[in-house]
Q: 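A single structure is presented below for examination.
Per chain, numbering begins at 1; letters A, B, ... match sequence-line order.
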Number of protein chains: 2
Amino acid sequence: MGKQMTEMLKGTLEGIVLAILSVRPAYGYEITARLREQGFSDIAEGTVYALLVRFEQKGLVDVEKVPSEKGPPRKVYSLNAQGQEYLEEFWRTWSFLAGQLEQLHGGGR
Amino acid sequence: MGKQMTEMLKGTLEGIVLAILSVRPAYGYEITARLREQGFSDIAEGTVYALLVRFEQKGLVDVEKVPSEKGPPRKVYSLNAQGQEYLEEFWRTWSFLAGQLEQLHGGGR
DNA sequence: ACTGGTACATAGTAGCACTGAATAGCGGCG
DNA sequence: CGCCGCTATTCAGTGCTACTATGTACCAGT
């Protein structure tokens with residue numbers, strides 16, 4: 001992955017994963033796989049897990065341990081009310097930024 | 001400024017400033033002021049200067065010292081060919097990310 | 001002399017994604 | 001049985017970026 005993408009993901013990946021969780025609960029390995037399918041070709045697994053731990057510490061998600069048929073138990077994360085609020089704040093911030101950049105991109109040539 | 005914005009700017013501010021320079025050459029103080037006018041309410045001056053130094057080190061800009069009527073000489077930065085290329089790469093990366101997020105935002109509710 | 005606006009610079013801090021490795025459970029294959 | 005491969009999580013260490021806070025310097029108006 002390009003260096004630009006790596007830096008751009010800072011603060012954005014957080015929102016992406018929250019958005020994924022807002023659709024339905026999921027666990028780390030699953031999220032990583034889904035991200036890869038969606039074109040974020042090599043987002044490191046470690047990155048996603050670290051992100052989820054942060055969510056938990058911030059109290060944005062609820063966690064439930066679910067035994068898996070294949071492998072160790074899964075930690076299923078679901079967005080709670082505070083997480084929803086945080087996600088909405090994220091969209092507001094994103095929209096502002098996207099608007100500014102669109103202006104620069106469109107008007108700049 | 002919110003913490004979310006701070007993190008989101010990482011990797012993005014770089015592109016924003018490059019885009020500003022692509023319209024016409026500018027110097028640090030001017031860029032900071034323009035960013036503030038455009039709604040990035042408190043982007044620190046130091047941040048912009050550090051960014052410009054990085055641009056110079058990466059060889060994305062040409063620099064010219066121009067004496068100012070009011071205060072110390074200005075360092076006027078202008079985008080060179082390599083900088084243009086880097087900016088285009090930035091837009092490609094940005095477009096991909098914006099597209100993915102739009103999908104998540106629109107489809108997610 | 002003092003204040004305020006212009007203009008640049010830098011040391012230190014915090015946060016986030018990446019690297020690389022370790023741990024652990026389960027199934028299948030030789 | 002022992003090894004490999006897939007699933008699944010965790011963690012220490014690194015690099016990059018934006019922020020904070022401060023300092024330097026130049027000039028005009030009072």
Q: Write down the distance between CG (B:L13) and P (C:dC16), rounded to a whole number of angstrom.
A: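 Value for this atom pair: 17 Å.
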
Q: Of all the choices, D:dG15, D:dT20, D:dA8, which nucleotide is nearest to the side chain of A:S68 once you look at every atom?
A: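 My answer, after comparing the listed nucleotides, is D:dA8.
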
Q: Tell me what B:K75 touches on the nucleic acid: a base, only sugar-phosphate, or nothing, going by heavy atoms under 4.0 Å.
A: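 B:K75: backbone/sugar contact only, no base atoms under 4.0 Å.
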
Q: Under 4.0 angstrom, heavy atoms only, what part of the nucleic acid is A:T6 near: base, sugar-phosphate, or nothing?
A: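 The residue A:T6 makes sugar-phosphate contact but no base contact.
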
Q: Taking B:L79's backbone N and O only, do any of them form a donor-acceptor pair with B:D62's side chain (distance below 3.5 Å, no angle check)?
A: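 It does not hold such a pair.
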
Q: For the side chain of B:E30 and the backbone of B:Y27, is there at least one donor-acceptor N/O pair under 3.5 Å apart?
A: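 Yes: the side chain of B:E30 pairs with the backbone of B:Y27.
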
Q: Please say whether more than 12 non-hydrogen atoms of neighbouring residues, nucleotides or ligands are located less than 6.0 Å from CD in B:Q84.
A: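 Counting other residues, nucleotides and ligands, CD of B:Q84 exceeds 12 neighbours.
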
Q: Rounded to whole Å, please give me the gap between CZ in A:R74 and C1' in D:dT7.
A: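 Spelled out: CZ on A:R74 to C1' on D:dT7 is 8 Å.
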
Q: Without decimals, in angstroms, what is the distance between A:L52 CG and D:dA8 C1'?
A: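 It works out to 12 Å between those atoms.
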
Q: Let me know, please, whether A:P72 or A:K65 comes out on the 5' side of the other along DNA chain D by nearest nucleotide.
A: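 Its nearest nucleotide being more 5', the pick is A:P72.
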
Q: So what does B:G28 hit on the nucleic acid, given a heavy-atom distance under 4.0 Å: a base, only sugar-phosphate, or nothing?
A: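 Answer is sugar-phosphate: B:G28 comes under 4.0 Å of backbone atoms only.
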
Q: Between A:E7 and A:T47, who's closer to the 5' end of DNA chain D by nearest nucleotide?
A: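 Mapping each residue to its closest nucleotide by heavy atoms, the 5'-most match is A:T47.
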
Q: As a test of reading the structure: which of D:dC16, C:dA9, C:dA14 is closest to the side chain of B:K10, going by heavy atoms?
A: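 My answer, after comparing the listed nucleotides, is C:dA14.
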
Q: Report the distance from atom CE of A:M8 to atom P of D:dA18, rounded to the nearest whole Å.
A: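 About 11 Å, once rounded to whole Å.
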
Q: Could you tell me whether the side chain of A:R74 and the main chain of A:K65 form a donor-acceptor pair under 3.5 Å?
A: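 No; zero donor-acceptor contacts below 3.5 Å.
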
Q: In terms of side-chain heavy atoms of B:Y49, which of D:dT9, C:dG15, C:dT10 is nearest?
A: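 Taking heavy atoms from C-beta onward, the closest nucleotide is C:dT10.
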
Q: The side chain of A:I43 lies closest to which of these nucleotides: D:dT17, C:dC18, D:dT7?
A: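 Selected nucleotide: C:dC18.
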
Q: Taking the minimum atom-to-atom distance to the side chain of A:K58, which one of C:dC16, D:dT17, C:dC18 wins?
A: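 Nearest to the side-chain atoms of A:K58, counting from C-beta on, is C:dC16.
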
Q: Rounded to the nearest Å, what distance is computed from the CZ atom of residue B:F55 to the C1' atom of nucleotide D:dC16?
A: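 Nearest whole value for this atom pair: 14 Å.
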
Q: What is the distance, rounded to the nearest whole Å, between atom CZ of B:R36 and atom C1' of C:dA7?
A: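 From B:R36 CZ to C:dA7 C1': 13 Å.
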
Q: Counting heavy atoms from C-beta on, name the nucleotide in C:dA17, D:dT17, C:dT6 closest to the side chain of A:L51.
A: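 Comparing C:dA17, D:dT17, C:dT6 against the side chain of A:L51, the answer is C:dA17.
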
Q: Ring-plane angle category for B:F96 and A:F40, please: parallel below 30°, perpendicular beyond 60°, tilted otherwise.
A: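 Rings of B:F96 and A:F40: perpendicular, as their planes differ by over 60°.
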
Q: Between the side chains of B:R92 and B:E89, is the shortest nitrogen-to-carboxylate-oxygen separation below 4.0 Å, so that they form an ion pair?
A: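 Salt bridge present between B:E89 and B:R92.
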
Q: Identify whether any heavy atom of B:G46 sits under 4.0 Å from a base atom; if not, whether one sits that close to sugar-phosphate; answer base, sugar-phosphate or nothing.
A: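 It contacts base atoms.
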
Q: Heavy-atom nearest nucleotide on DNA chain C for A:E14 versus A:E69: which residue maps closer to 5'?
A: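 Its nucleotide being nearer the 5' end, the pick is A:E14.
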
Q: Whole angstrom is fine here: how far is it from CD1 in B:I31 over to P in D:dA18?
A: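 It works out to 13 Å between those atoms.
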
Q: Starting from P on D:dT9, measure out to CZ on A:R54 and report it in whole angstrom.
A: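 These atoms are roughly 17 Å apart.
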
Q: By the 4.0 Å heavy-atom rule, please label B:E45 as base, sugar-phosphate, or nothing.
A: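 If one applies the 4.0 Å heavy-atom cut-off, B:E45 turns out to touch a base.
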
